[in-house]
Undergrad: 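Starting off with a structure, shown below.
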Amino acid sequence: MKLTVKKARLLSGMTQKDVAEVLGVHVHTYMKWEKNPEEMSIGTAKQFARLVEFGLEDIFFDEESNLIRQ
């Protein structure tokens, strides 16, 4: 299954505010990440994947993603 950050969040039943609070960032920062997930650090991406209970590979490293592994 290949997911966008937004779709993974929606499928987990969380709001943008919910995710931002758990990740410890401002909601506007999280909103920016939904549009440009490559701006998210790999550590935050891993934390997000655990939070929404989807595999990191399914969200961030599909053939359409340009998130660079760092």
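Note that the numbering runs from 1 along the sequence shown for the chain.
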Undergrad: Are M31 and M14 connected into the same hydrophobic cluster when the rule is that any two of I, L, V, M, F, W, Y join if their side-chain heavy atoms are below 4.5 Å apart?
TA: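 Not linked; separate clusters.
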Undergrad: Report yes if some heavy atom in the side chain of L3 is under 4.5 Å from a heavy atom in the side chain of F54; otherwise report no.
TA: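 Yes. Closest side-chain heavy atoms under 4.5 Å.
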Undergrad: Please report the shortest heavy-atom distance between A49 and G55, naming the atom on each side.
TA: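 In terms of heavy atoms, the two residues are closest at CB-C, 4.4 Å.
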Undergrad: Can you find a pair of side-chain heavy atoms, one from V27 and one from E21, that are under 4.5 Å apart?
TA: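 They are not in side-chain contact.
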Undergrad: Can you run down the salt bridge (Lys or Arg N to Asp or Glu O under 4.0 Å) pairs that involve residues 25-36, sequence neighbours left out, and say none if there aren't any?
TA: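 Counting only pairs at least two positions apart or across chains, the salt bridge (Lys or Arg N to Asp or Glu O under 4.0 Å) contacts touching residues 25-36 are R9-E34, K32-E39.
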Undergrad: Which pair of heavy atoms, one from Y30 and one from L23, lies closest together, and at what distance?
TA: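 For Y30 and L23, the tightest heavy-atom pair comes out as CD1-CD1, 4.3 Å.
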Undergrad: Go through Q16 and V19 one step at a time and tell me if the side chain to side chain contact (heavy atoms under 4.5 Å, CB included) criterion holds.
TA: CA-CA 5 Å; Q16 290 176 327; V19 174; over 6 Å; no
Undergrad: Can you tell me how far the CD1 atom of I42 sits from the CG atom of L56, to the nearest 0.5 Å?
TA: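 Rounded to the nearest 0.5 Å, the CD1-CG separation comes out at 5.0 Å.
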Undergrad: Show your working on side chain to side chain contact (heavy atoms under 4.5 Å, CB included) between K7 and L10 and close with a plain yes or no.
TA: CA-CA 5 Å; K7 187 165 186 171; L10 291 173; 5.6 Å; no
Undergrad: Taking it one step at a time, do F48 and I59 satisfy side chain to side chain contact (heavy atoms under 4.5 Å, CB included)?
TA: CA-CA 10 Å; F48 174 78; I59 303 169; 4.1 Å; yes
Undergrad: Out of curiosity, does M40 fall in the hydrophobic cluster containing L11 (side-chain heavy atoms, cut-off under 4.5 Å, transitive links)?
TA: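 Yes; tracing contacts between hydrophobic side chains, which count when under 4.5 Å, links both residues.
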